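Worksheet for the structure shown next.
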Amino acid sequence: MNSNMIKSQHVVPRAYLKLFENSNNRVFAYNWRSNLYAEKIIEKVCEHNYTYEVSNNDVDNVLEIALSKLETKFMPSIHKILDYVDKGTLNRSCIDSEICYKYIMLQYMRSDSGRVLMGRAMSKLSPLDHHISLDEIAQNKDKDQIFNTRFKNEKELERILNLFYYLDHPLIKVGVSKERKFLTSDNPVIALYLPNDGLALKLILPISPRVCLYCASLDFERIYQNEQESFPYEINKDLAIKYNQSIINVSNYWIISQDRFDIIDWNSIYNRRIK
């Protein structure tokens with residue numbers, strides 16, 4: 001192994017985590033495995049050794065670099081949305097739906113659970129239709145190696161993201177929460193499968209403590225008509241709590257907050273632990 005190679009690799013980009021930093025340039029983080037909670041710098045959360053390598057003995061950082069290049073392309077569009085939300089001037093022309101959708105899908109795919117699901121889909125053609133447990137992640141390490149091997153090529157990553165976008169052509173909506181801040185995690189995309197409601201897939205990703213992206217695979221005219229009602233749409237306290245409960249439920253190892261967790265957050269964590 002080359003001593004210059006990076007072994008500590010983030011499952012969500014540090015540029016994303018920075019959006020949740022507090023005035024101390026830290027985040028509050030809870031880890032499921034250690035059952036520890038602390039205020040930490042972002043370099044110390046949502047990372048593992050050799051996350052995107054096929055083996056610890058053959059480290060080349062190729063996939064880590066490919067992911068970083070794509071994130072660098074996507075982040076300006078995210079910052080643009082947040083800037084216009086802060087100014088109160090957000091409109092549809094401020095949103096690059098294609099970039100935002102690819103940003104959401106890339107984050108969904110690159111997490112520990114996402115890589116296992118993608119590897120399982122590539123090897124057995126099984127659908128990405130559920131969130132998996134830590135036990136499933138541990139038992140399916142060969143599946144994330146399938147992902148790591150295939151997507152070392154940046155062009156292959158872009159090809160699959162282009163394919164997803166071509167198939168769904170989603171319209172991105174932006175939600176703003178004024179009453180309660182969003183949590184995030186090392187698996188921050190909430191994916192809801194609702195086939196009986198005419199929806200193939202609904203995706204929600206917090207991109208700051210107050211703002212989230214939302215998209216759904218459904219009839220374009222219907223979603224466009226819904227868009228006319230409110231832009232951006234306001235997320236009330238109850239819905240923000242539900243989103244945070246979902247973030248907690250689908251997190252793999254880490255839950256992240258800009259502020260200290262309150263009784264509502266700890267209650268959701270406790271309820272997941274006893275399931």
Side-chain angles (χ1 to χ4, degrees), residues 12 15-30 32 37-40 42 45-46 75 77-92 94-95 97 100 103-104 107-108 131 170-192 194 197 199 202-216 223 225-251 254-273:
V12 291
Y16 171 78
L17 291 172
K18 281 190 72 66
L19 299 173
F20 291 83
E21 282 184 333
N22 56 34
S23 58
N24 294 327
N25 300 120
R26 285 168 165 76
V27 295
F28 288 94
Y30 173 76
W32 288 106
Y37 169 68
E39 191 177 20
K40 290 180 171 288
I42 60 174
V45 298
C46 300
M75 284 307 296
S77 294
I78 302 304
H79 283 291
K80 181 179 180 181
I81 289 171
L82 294 174
D83 184 47
Y84 279 98
V85 168
D86 286 342
K87 294 175 181 176
T89 57
L90 184 73
N91 58 57
R92 287 183 191 84
C94 304
I95 300 173
S97 287
C100 289
Y103 180 81
I104 294 171
Q107 185 51 68
Y108 185 46
H131 291 289
L171 189 65
I172 299 294
K173 299 176 73 174
V174 175
V176 176
S177 175
K178 297 179 180 178
E179 298 180 78
R180 186 170 184 84
K181 290 185 178 181
F182 296 124
L183 303 175
T184 190
S185 79
D186 57 350
N187 186 37
V189 178
I190 305 167
L192 304 174
L194 303 169
D197 193 32
L199 286 170
K202 181 162 68 174
L203 301 169
I204 301 163
L205 172 66
I207 56 172
S208 83
R210 295 292 186 189
V211 181
C212 72
L213 299 179
Y214 167 102
C215 68
I223 197 169
Q225 290 168 359
N226 290 342
E227 278 272 306
Q228 305 302 314
E229 298 171 6
S230 175
F231 192 88
Y233 74 99
E234 186 171 335
I235 298 173
N236 62 32
K237 181 179 179 181
D238 289 341
L239 185 55
I241 290 173
K242 288 181 180 179
Y243 282 5
N244 284 344
Q245 288 172 337
S246 296
I247 286 288
I248 289 168
N249 287 337
V250 303
S251 62
W254 293 95
I255 305 167
I256 306 296
S257 177
Q258 185 178 64
D259 298 333
R260 293 183 181 278
F261 294 179
D262 63 13
I263 188 63
I264 295 175
D265 299 327
W266 284 118
N267 186 56
S268 296
I269 291 170
Y270 174 77
N271 286 335
R272 171 176 155 169
R273 289 198 73 92

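Only a predicted model underlies this, so the values are computations on that prediction, with no experimental measurement involved.
- Using a 4.0 Å cut-off between charged side-chain N and carboxylate O, Asp262 and Lys181 make no salt bridge.
- For Phe28 against Tyr37, the heavy-atom pair with the smallest separation is CD2-OH, 3.6 Å.
- Contact of the Trp32 side chain with the Ile255 side chain is registered, since non-hydrogen atoms from C-beta on lie closer than 4.5 Å.
- The two residues Lys40 and Val45 come nearest to each other via the heavy atoms CD-CG1, 3.7 Å.
- No more than 12 heavy-atom neighbours from other residues, nucleotides or ligands sit within 6.0 angstrom of OH on Tyr84.
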Apply the test side-chain contact (heavy atoms from CB on, under 4.5 Å) to residues Phe182 and Ile235: give CA-CA distance (whole Å), side-chain angles for both, the deciding distance (0.1 Å), then the verdict. CA-CA 10 Å; Phe182 296 124; Ile235 298 173; 3.6 Å; yes
Please assess Asn22 against Glu39 for the test side-chain hydrogen bond (donor to acceptor under 3.5 Å, both in side chains), listing each intermediate value before the final yes or no. CA-CA 10 Å; Asn22 56 34; Glu39 191 177 20; 3.0 Å; yes
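- Leu17 places none of its side-chain heavy atoms less than 4.5 Å from the side chain of Val27.
- Rounded to the nearest 0.5 Å, atoms CZ (Arg273) and CD1 (Ile248) are 12.0 Å apart.
- A 4.5 Å side-chain heavy-atom check between Val174 and Leu213 finds at least one atom pair inside the cut-off.
- Remark: the backbone N or O of Ile269 is not paired with any side-chain donor or acceptor of Tyr30 at under 3.5 angstrom.
- Ring orientation note: the planes of Tyr233 and Tyr214 are nearly perpendicular, at an angle over 60° on the 30°/60° scale.
- Relative orientation of the Phe20 and Tyr16 rings is tilted, given thresholds of 30° and 60° on the angle between their planes.
- Under the 4.5 Å side-chain criterion, counting only non-hydrogen atoms from C-beta, Ser77 is not in contact with Tyr103.
- Put simply, SG on Cys215 and CD1 on Ile172 are 4.0 Å apart, with the number rounded to the nearest 0.5 Å.
- In terms of modelled atom types and a separation under 3.5 Å, the side chain of Arg210 and the main chain of Lys178 share a donor-acceptor contact.
- Using a 4.5 Å heavy-atom cutoff, the side chains of Leu19 and Ile78 are in contact.
- Separating the CD1 atom in Ile241 from the CZ atom in Arg180 is a distance of 5.0 Å, to the nearest 0.5 Å.
- Considering OG1 of Thr89 and CG of Asp86, their distance stands at 9.5 Å, rounded to 0.5 Å.
- Atom CG in Leu205 sits 8.0 Å away from atom SG in Cys212 (nearest 0.5 Å).
- Residues Cys94 and Leu90 share a closest heavy-atom pair of CB-CD1, 3.7 Å.
- The closest donor-acceptor contact from the side chain of Arg272 to the backbone of Asn249 lies under 3.5 Å.
- Nearest heavy atoms, Pro188 versus Gln107: CG-CG, 3.6 Å.
- Side-chain atoms of Cys100 and Ile81, non-hydrogen and from C-beta on, do get closer than 4.5 Å to each other.
- Looking at Pro206 and Ile247, their side chains come closer than 4.5 Å, going by heavy atoms from C-beta outward.
- Using a 4.0 Å cut-off between charged nitrogen and carboxylate oxygen, Lys87 and Asp83 count as a salt-bridge pair.
- To the nearest 0.5 Å, the span separating NE2 on His79 from OG on Ser208 amounts to 11.0 Å.
- Between Ile264 and Asn244 the shortest side-chain heavy-atom distance does not fall below 4.5 Å.
- Residues Ala29 and Ile256 come closest through the heavy atom pair CB-CD1, 3.7 Å.
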